Amino acid sequence: MEGVTQYIPKEATADTLKKMHNIVSVGSTLLITYVDQDCFGATSTPQSPLSIKTQNMMQLVSKVGEPWITGFTPTEFASFLNECGYQVQSDTTLSDYNEEYLGVVGRKLSEEEMICAERFVVAKFI
């Protein structure tokens with residue numbers, strides 16, 4: 001579930017994840033992304049920098065009628081997934097993902113191409 005959770009209410013994500021129990025086996029892997037709660041209602045300050053690119057992205061999606069409405073902290077998302085029957089194996093940022101996965105296949109993004117709002121989670125169905 002990539003690029004979905006920020007557009008729908010938490011209850012809809014939970015409902016979808018719980019319904020997946022009917023079609024996946026215990027031990028199956030879930031790949032899911034979410035937007036860090038720090039992006040919501042935040043303003044960029046020296047103590048809490050929010051990139052201009054992230055601010056622009058949030059304004060743009062709102063203007064086109066698809067605002068981001070849901071965010072999680074990493075701790076909250078791990079607990080949320082656990083309540084839905086999944087155990088987090090890893091929770092990484094775009095920078096981590098870029099280094100670990102894209103860099104090794106020669107597709108690493110430049111700093112200018114990255115908007116560090118989404119986090120990438122690998123979880124197991126328990």
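Since we're looking at a predicted model, the values are computed, not measured.
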Same apolar cluster: [X] and [Y], side chain cutoff 4.5 Å:
X	Y	value
M1	F125	yes
F120	V105	no
V122	L30	no
F77	I126	no
V104	L109	no

Main-chain N/O of K10 paired with T5 side-chain donor or acceptor, under 3.5 Å: no
Any donor-acceptor N/O pair, H21 side chain to C84 backbone, under 3.5 Å: yes
Locate the shortest heavy-atom distance separating [X] from [Y]; write the atom from each residue and the value.
X	Y	answer
F80	L17	CE2-CD1, 4.0 Å
Y34	V121	CE2-CG2, 3.5 Å
E83	K18	O-CE, 4.0 Å

Note, Y86 side chain near M20 side chain (heavy atom, < 4.5 Å): yes
Minimum side-chain heavy-atom gap T16-T13 below 4.5 Å: no
Within this structure, what is the [atom1]-[atom2] distance for the pair [X] and [Y], rounded to the nearest 0.5 Å?
X	Y	atom1	atom2	value
K108	N98	NZ	CG	6.0 Å
L31	Q89	CG	CD	11.0 Å
L94	R119	CG	CZ	11.0 Å

Please list, one pair per line, the donor and acceptor atoms closer than 3.5 Å that link side chains of residues 59-74 to other protein atoms, with sequence neighbours excluded.
residue, atom, partner, partner atom, Å
W68, NE1, Y7, OH, 3.1
T70, OG1, I8, O, 2.6
T73, OG1, E76, N, 3.0

Over 12 non-hydrogen atoms of neighbours within 6.0 angstrom of OH in Y97: no
Pairing residues for T92 by the side-chain hydrogen bond (donor to acceptor under 3.5 Å, both in side chains) criterion, not counting sequence neighbours: none
Side-chain donor-acceptor pair present, K124, S28, cut-off under 3.5 Å: no
Full working for side chain to side chain donor-acceptor pair (under 3.5 Å) between N82 and S79: CA-CA 5 Å; N82 192 263; S79 177; over 6 Å; no
